[in-house]
Amino acid sequence: MAQPSNLSGPRILSTEQDLRDLLDSLYETTQAALKEGIKPCFKGLLEYMKAEVTILTAIHNIKSNKGSETPGSDGETMREHILEKDYAGIIARVQAGLTHYVPLPIRRKYIPKPEKMEKRPLGIPTIIDRIIQECIRMILEPIMEAQFFKHSYGFRPMRDAPMALERTKRVVHQTGYHWIVEGDIAKLFDTVHHAKLGRFLYGMGVRDQRVLMIIKAMVKTGIVNETPVNLLGTQQGGILSPLLANVYLHQMDYWVTREWENKKTRTIFSQSASRTTVLKKSSRLKPAYLVRYADDWVLIVPSKQQAEKWKQRIAKQIQSVLHLTLSEEKTIITNVREKPIHFLGCEFKVVKGKSRTGYITRSRPDRTRLQAKIKELHRKVNHLKRCGSKEQLMREIYTFNAVIRGIIQYYQGTTWVNIALRKYAHNLRTKAMRILEKYGGIWLPAHQTKNLPSVHADYTEKVPAILVKDMYIGVTSLSFCRWKKTDLKRPKETPHTAEGRAIYREEEQEATTGTSR
DNA sequence: AACGCTCGAAC
RNA sequence: CUUGUUCGAGCGUU
């Protein structure tokens with residue numbers, strides 16, 4: 001690697017456009033540095049974070065968070081203590097915080113993990129500290145985004161879990177590999193090592209010591225009634241924490257993929273380097289494709305032996321470099337031609353079928369998780385009983401329908417979505433009808449209802465409906481779903497370049513206009 | 001275009 | 001007095 005160079009010149013930030021341009025340029029200079037094999041190196045970052053426009057944008061970004069009325073340890077809430085106050089005073093407070101950062105202790109709250117006895121420890125910062133974290137996140141994100149592994153999908157803009165699943169499917173389909181290491185990193189947020197994190201940030205271009213000190217102070221923030229200083233881990237509930245988790249695991253991405261997936265690009269980047277070493281290495285390459293979603297990942301490899309080997313290698317590496325542990329019982333090696341893997345709430349396997357490899361991929365909602373959701377839906381149908389009036393019932397139907405649509409929309413990318421969901425539709429429907437009967441409910445073909453027209457227009461199946469002000473309002477069905485192709489990420493798509501945003505908008509257009517395809 | 005609200009999913 | 005990041009669906013307001 002060539003010498004690092006300071007890539008960020010001083011810059012005045014006054015308008016929102018200035019800020020937008022700054023974020024774009026942070027992304028672009030980082031990417032340009034990478035292409036030339038130079039380490040990115042940013043020094044004057046704190047000034048950008050302290051700019052008035054940054055702080056106002058930060059407040060704007062997080063003001064409508066669900067928890068913005070949930071106070072931290074100082075009792076402050078967004079509306080009462082920030083939005084309704086004189087904004088010059090608030091800006092001064094944030095700027096002071098960014099100058100001499102003394103974060104207030106975080107509030108601890110234990111919440112149950114879904115379907116588990118185990119509890120998840122939340123760390124809730126005060127509102128003012130959340131604003132400060134958002135100021136930092138905004139500036140750091142483009143620098144990190146330009147460097148992250150392209151098949152890391154968790155906590156990242158313009159990416160989602162269905163894309164991670166789609167990537168996994170395509171790798172299996174295109175390579176014909178069917179051995180998969182399903183990886184599980186134990187308690188990622190709680191075990192992030194502070195000094196290592198600082199080094200990784202530095203290595204990725206955050207060379208403003210003041211910013212590194214603020215982040216250090218932030219992760220070390222004490223916990224009310226527990227500890228005056230936190231020695232390990234990053235707050236689950238901190239605005240910056242997801243980005244920090246990705247920075248931390250970027251080390252793993254880099255290490256796992258440099259041997260194979262990223263090999264080609266890397267050789268292009270360092271053409272001056274000896275080609276013979278590259279070629280020699282390639283003769284004993286270990287093919288492996290990583291797909292990561294936060295602390296959850298899969299590695300697709302050609303054989304069982306390779307799977308075992310990689311599992312040991314990764315376990316050893318993340319232990320020594322990251323002080324992280326693979327949970328031994330949850331990290332599984334699976335032949336997807338024999339049994340499914342479980343990844344991101346879905347099951348996924350390959351079965352014999354007509355394709356180049358002789359196999360095709362099948363996916364469906366994870367059985368046990370789906371059953372839990374169905375149970376929850378039944379509970380919610382019963383809840384419809386409690387409505388006093390027809391109008392109230394109508395509102396309850398709307399929210400119930402939103403729940404159903406939400407479930408459907410997530411699983412739409414799985415090939416068996418309809419088969420998996422429709423099994424449960426009948427019972428829910430009849431249960432709903434029993435309740436609607438008291439309000440004059442009738443069975444009506446879905447396309448004759450007035451609600452959810454974009455969905456109901458396509459279905460003639462009968463649903464329970466009630467008449468409210470001349471309009472039939474129907475309870476939607478879990479069976480109103482069909483498989484929908486998931487588009488993969490295009491490499492240039494990012495929120496941090498004008499071009500990347502344009503591609504994103506283009507895709508949105510296609511998705512809304514081209515539904516007839 | 002922008003904002004607001006309801007709801008879902010992953011971690 | 002259940003936080004956070006990200007993604008998505010639906011509805012509404014000027």
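Order of the sequence lines fixes the chain letters, A, B, ..., with proteins taken first and strands second; residue numbering starts at 1 for each chain.
Between A:Tyr398 atom OH and C:rG10 atom P there is a gap of 14 Å when expressed in whole angstrom units. To the nearest angstrom, P of C:rC1 lies 19 Å from CD of A:Glu76. The interatomic distance linking A:Arg137 (CZ) with C:rU5 (C1') rounds to 8 Å, in whole Å. Atom C1' of nucleotide C:rU3 and atom CG of A:Asp129 are separated by 14 Å, given to the nearest angstrom. For the pair A:Met218 CE and C:rU5 P, the computed distance is 13 Å after rounding to whole Å. The nearest whole Å value for the distance from the NE2 atom in A:His342 to the P atom in B:dA10 is 14 Å. Atom pair A:Phe189:CZ and C:rG4:C1' shows a separation of 8 Å (rounding to whole Å applied). The separation between A:Met138 atom CE and C:rU6 atom C1' is 17 Å, rounded to whole Å.
Partners of A:Arg120 under the salt bridge (charged side-chain N to carboxylate O under 4.0 Å, His left out) rule, at least two apart in sequence or in another chain, do not exist in this structure. With sequence neighbours left out, the side chain to side chain contact (heavy atoms under 4.5 Å, CB included) criterion links A:His378 to A:Ile374, A:Asn427, A:Leu428, A:Lys431.
Here the side chains of A:Val94 and A:Ile128 are in contact, with some heavy-atom distance below 4.5 Å. Proximity of A:Met49 to A:Ile214: side-chain heavy atoms (C-beta onward) are nowhere separated by under 4.5 Å. Using a 4.5 Å heavy-atom threshold, the side chains of A:Met163 and A:Arg156 count as separate.
Contact annotation for A:Gly67: backbone-only contact, meaning every heavy-atom pair under 4.0 Å involves sugar-phosphate atoms and none involves a base. At a threshold of 4.0 angstrom between heavy atoms, the contacts of A:Pro112 include nucleobase atoms, whether or not backbone atoms are also involved. Residue A:Arg120 is classed as having no contact, given no heavy-atom separation below 4.0 Å to the nucleic acid. Within the nucleic acid shown, A:Ile111 comes within 4.0 Å of at least one base atom, counting heavy atoms only.
Separating the C1' atom of B:dT6 from that of C:rC1 is a span of 22 Å, rounded to the nearest Å.
RNA chain C is contacted by both A:Ser68 and A:Pro71; A:Pro71 maps to the nucleotide lying nearer its 5′ end (nearest heavy atom per residue). Toward the 5' end of RNA chain C, the nearer of the two residues A:Phe155 and A:Tyr110, judged by each one's closest nucleotide, is A:Tyr110.
Here the side chain of A:Glu141 is nearest to one of B:dA10, C:rU3, C:rU6, namely C:rU6.
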Could you list, one pair per line, each protein nitrogen or oxygen that sits under 3.5 Å from a nitrogen or oxygen of nucleotides 4-9 of chain B, together with the distance?
residue, atom, partner, partner atom, Å
B:dA9, OP1, A:Lys373, NZ, 2.9

N/O to N/O distances under 3.5 Å, protein versus nucleotides 11-14 of chain C:
none

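Side-chain atoms of A:Asp129 and A:Gln133 include no donor-acceptor pair closer than 3.5 Å. Between the side chains of A:Ser14 and A:Asp18, at least one donor N or O sits under 3.5 Å from an acceptor N or O. Donor-acceptor pairing under 3.5 Å is recorded for the side chains of A:Tyr153 and A:His151. A donor and an acceptor atom, one from each side chain of A:Glu16 and A:Thr57, are nowhere located under 3.5 Å apart.
Shown are A:Arg93, A:Arg130, A:Lys85; of these, the salt bridge (Lys or Arg N to Asp or Glu O under 4.0 Å) with A:Glu76 is made only by A:Arg93.
For DNA chain B, no neighbouring residue in residues 223-249 of chain A is found when judged by any heavy atom under 4.0 Å.
One finds a side-chain N or O of A:Arg130 lying less than 4.0 angstrom from the OP1 or OP2 phosphate oxygen of C:rG4. OP1 and OP2 of C:rU3 both lie 4.0 Å or more from every side-chain N or O belonging to A:Asn65. Here A:Lys109 reaches the OP1 or OP2 of C:rU2: one of its side-chain N or O atoms lies under 4.0 Å away.
Expressed to the nearest 0.5 Å, how far CD1 of A:Ile404 lies from OH of A:Tyr424 amounts to 14.0 Å.
Consecutive pairing runs in RNA chain C reach the stem threshold at B:1-11 with C:4-14, where a stem means at least three Watson-Crick or G-U wobble pairs with distances under 3.5 Å.
Aromatic ring pairs are classed by plane angle as parallel below 30°, tilted from 30° to 60° and perpendicular above 60°; the pair A:Phe155 and A:Phe189 is perpendicular.
Although no hydrogens or angles enter the test, the distance criterion places a donor-acceptor pair under 3.5 Å between the side chain of A:Ser363 and the main chain of A:Thr415.
Among all heavy-atom pairs drawn from A:Gln147 and A:Met204, the shortest one is NE2-O, 2.8 Å.
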Inset, instruction - I would like to know whether A:Thr476 and A:His456 meet side-chain hydrogen bond (donor to acceptor under 3.5 Å, both in side chains); could you show each step before the answer? - result: CA-CA 8 Å; A:Thr476 197; A:His456 286 181; 2.9 Å; yes

